[in-house]
Amino acid sequence: MKHRYAFFAAFVVLSGLSTGRADELGQPIDLTGFNDIVDEQADVLGEDLYEVSASTGMPSVITPYVSGIVGASFGTLVNGGSNDVDGGHYTQSGNFSQTLFTGGGALGAAIRAPNGQWRTEIEGRARGPMSGVSTGTLGGSSNPVQITATGGWSTLVNFWRDVDFNDRVGAYMGGGFGVGGYSLSATSDTGSIIRGSNATATSALTTFAWQIGTGVTYQWSQRVVFDLGYRFYAMTPGTYNASVGTPYGTFQLGQYTSAFSASELLFSVRIYEPFRGIIR
């Protein structure tokens with residue numbers, strides 16, 4: 001009987017303690033709204049561009065992309081040089097400008113940064129032909145020389161900094177460097193051919209090339225970005241050996257220089273994670 005009273009007293013005491021603890025701790029906290037906050041943040045960041053790596057569980061910060069590029073290249077070709085030839089002095093000089101079509105693409109990677117991203121890419125582009133008139137002078141008489149540049153190309157490594165104004169619109173600036181070239185030929189009005197080649201005995205000039213630029217972007221979707229940009233592109237002067245054919249034989253006219261530069265207006269479409277569907 002004593003044991004029953006002792007057990008009943010202990011039960012009453014423990015019930016009182018547990019009730020007091022519950023009152024002290026207060027009501028349970030409702031955390032269901034936390035899921036809404038997480039979903040909103042995922043929408044802002046863009047789950048397609050910044051997804052979580054399955055192997056590490058950390059946010060992916062490097063996103064590959066491909067880009068298609070088309071536009072107009074407002075190019076200028078400069079041609080010149082002077083040499084003593086067979087007792088005379090031959091001079092060739094002149095420059096001309098022309099609007100060319102340019103197109104190509106880029107393969108790159110974007111790295112997240114505050115208010116935007118850093119991008120690095122390899123860009124390859126081709127440019128259309130251009131032609132104009134230079135002046136060749138020999139023995140006191142001058143003749144116009146028709147200059148033609150074809151097969152223009154460039155391969156550059158670029159670095160860009162993108163800044164986002166809002167969820168859709170942004171801007172960028174940067175530049176790149178690499179190599180570029182074109183094939184050069186020249187014909188005088190008398191029908192004699194002035195053949196151009198560089199030291200490697202080919203018909204193409206290949207020199208160091210660089211560009212700087214800026215532009216604006218519009219994010220069409222989480223993986224597609226439209227890009228309208230300006231570039232100033234230039235090649236360092238290249239050298240070629242010229243010769244002229246006449247009824248009396250071929251005369252070497254010496255070594256001359258040619259250089260190309262252009263202001264370019266480009267439209268690009270950037271696609272992030274282009275092989276995502278194939279890999280998954």
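Everything quoted here is computed from the prediction, not taken from an experiment. We number each residue from 1, following the sequence as shown.
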Item to check | Single-linkage hydrophobic cluster I69~V179, side-chain heavy atoms < 4.5 angstrom | outcome: no
Item to check | Minimum side-chain heavy-atom gap M235-Y182 below 4.5 Å | outcome: yes
Next on the checklist: Could you measure the distance from the CD atom of E264 to the CD atom of Q211? Nearest 0.5 Å is fine.
Outcome noted: 7.0 Å
Checklist outcome for this item: Sorted by chain and residue number, the salt bridge (charged side-chain N to carboxylate O under 4.0 Å, His left out) partners of R270 (sequence neighbours excluded) come out as D162, D227
Item to check | A234: side-chain contact (heavy atoms from CB on, under 4.5 Å) partners, not counting sequence neighbours | outcome: W210, F232, S261
Checklist outcome for this item: So salt bridge (charged side-chain N to carboxylate O under 4.0 Å, His left out) across residues 145-156, not counting sequence neighbours, yields none
Checklist entry - Hey, any chance V269 and Y218 share a hydrophobic cluster, counting ILVMFWY side chains that come within less than 4.5 Å of each other, even indirectly? => result yes
Next on the checklist: For N166, give me all partners under side-chain contact (heavy atoms from CB on, under 4.5 Å), at least two apart in sequence or on another chain.
Outcome noted: R168, V169
Checklist entry - Who are the side-chain contact (heavy atoms from CB on, under 4.5 Å) partners of T236, not counting sequence neighbours? => result T207, F208
Next on the checklist: Among residues at least two apart in sequence or on other chains, which ones pass side chain to side chain donor-acceptor pair (under 3.5 Å) with S134?
Outcome noted: none
Item to check | Which atom of S258 lies closest to which atom of L77, heavy atoms considered | outcome: OG-CD1, 3.6 Å
Next on the checklist: Testing the basics here: between Q219 and D167, what is the closest heavy-atom pair and its distance to 0.1 Å?
Outcome noted: OE1-O, 3.7 Å
Item to check | Results of ring-ring contact (aromatic ring centres under 6.0 Å, His included) for W118 - residues two or more places apart only | outcome: none
Checklist entry - Just wondering, are more than 12 heavy atoms of other shown residues or ligands nearer than 6.0 Å to CZ in F177? => result no
Next on the checklist: Could you measure the distance from the CD1 atom of I122 to the OG1 atom of T155? Nearest 0.5 Å is fine.
Outcome noted: 9.0 Å
Checklist entry - Which residues satisfy the side chain to side chain donor-acceptor pair (under 3.5 Å) test with S263, sequence neighbours excluded? => result Y230
Next on the checklist: How long is the straight-line distance from OG of S154 back to OH of Y233, given to the nearest 0.5 Å?
Outcome noted: 4.5 Å
Item to check | Atom pair CZ (R231) and CG (L156), whose distance is rounded to the nearest 0.5 Å | outcome: 10.0 Å
For residues 95-111, please give each side-chain donor-acceptor pair under 3.5 Å, one per line with the distance, not counting sequence neighbours.
unit_1	atom_1	unit_2	atom_2	d
S97	OG	T76	OG1	2.8
Q98	OE1	S131	N	3.0
T102	OG1	R125	NH1	3.0
T102	OG1	A126	O	3.0

Item to check | Minimal non-hydrogen separation, N79 against T257, with atom names | outcome: OD1-O, 3.2 Å
Checklist outcome for this item: CG of L228 to OG1 of T214, rounded to nearest 0.5 Å, is 10.5 Å
Checklist entry - Taking ILVMFWY side chains as joined if any heavy atoms are under 4.5 angstrom apart, and letting links pass through other members, which residues group with V78? => result none
Checklist entry - Should Y65 and I271 count as side-chain neighbours, where that means a heavy-atom distance under 4.5 Å? => result no
Next on the checklist: As an exercise, state the distance from OG1 of T217 to CD of Q117, rounded to the nearest 0.5 Å.
Outcome noted: 8.5 Å
Next on the checklist: Looking at every heavy atom in both P64 and P274, which two are closest together, and how far apart are they?
Outcome noted: O-CD, 4.1 Å
Checklist outcome for this item: Applied to residues 143-175, the ring-ring contact (aromatic ring centres under 6.0 Å, His included) test, sequence neighbours excluded, yields W160-Y172
Checklist outcome for this item: Heavy atoms of P129 and T150 approach each other most closely as CB-CG2, 3.9 Å
Checklist entry - Given the rule that I, L, V, M, F, W and Y join up when any side-chain heavy atoms are under 4.5 Å apart, are W220 and F267 in one cluster? => result yes
Item to check | Pairs meeting criterion salt bridge (charged side-chain N to carboxylate O under 4.0 Å, His left out) with involvement of residues 94-111, two or more places apart | outcome: none
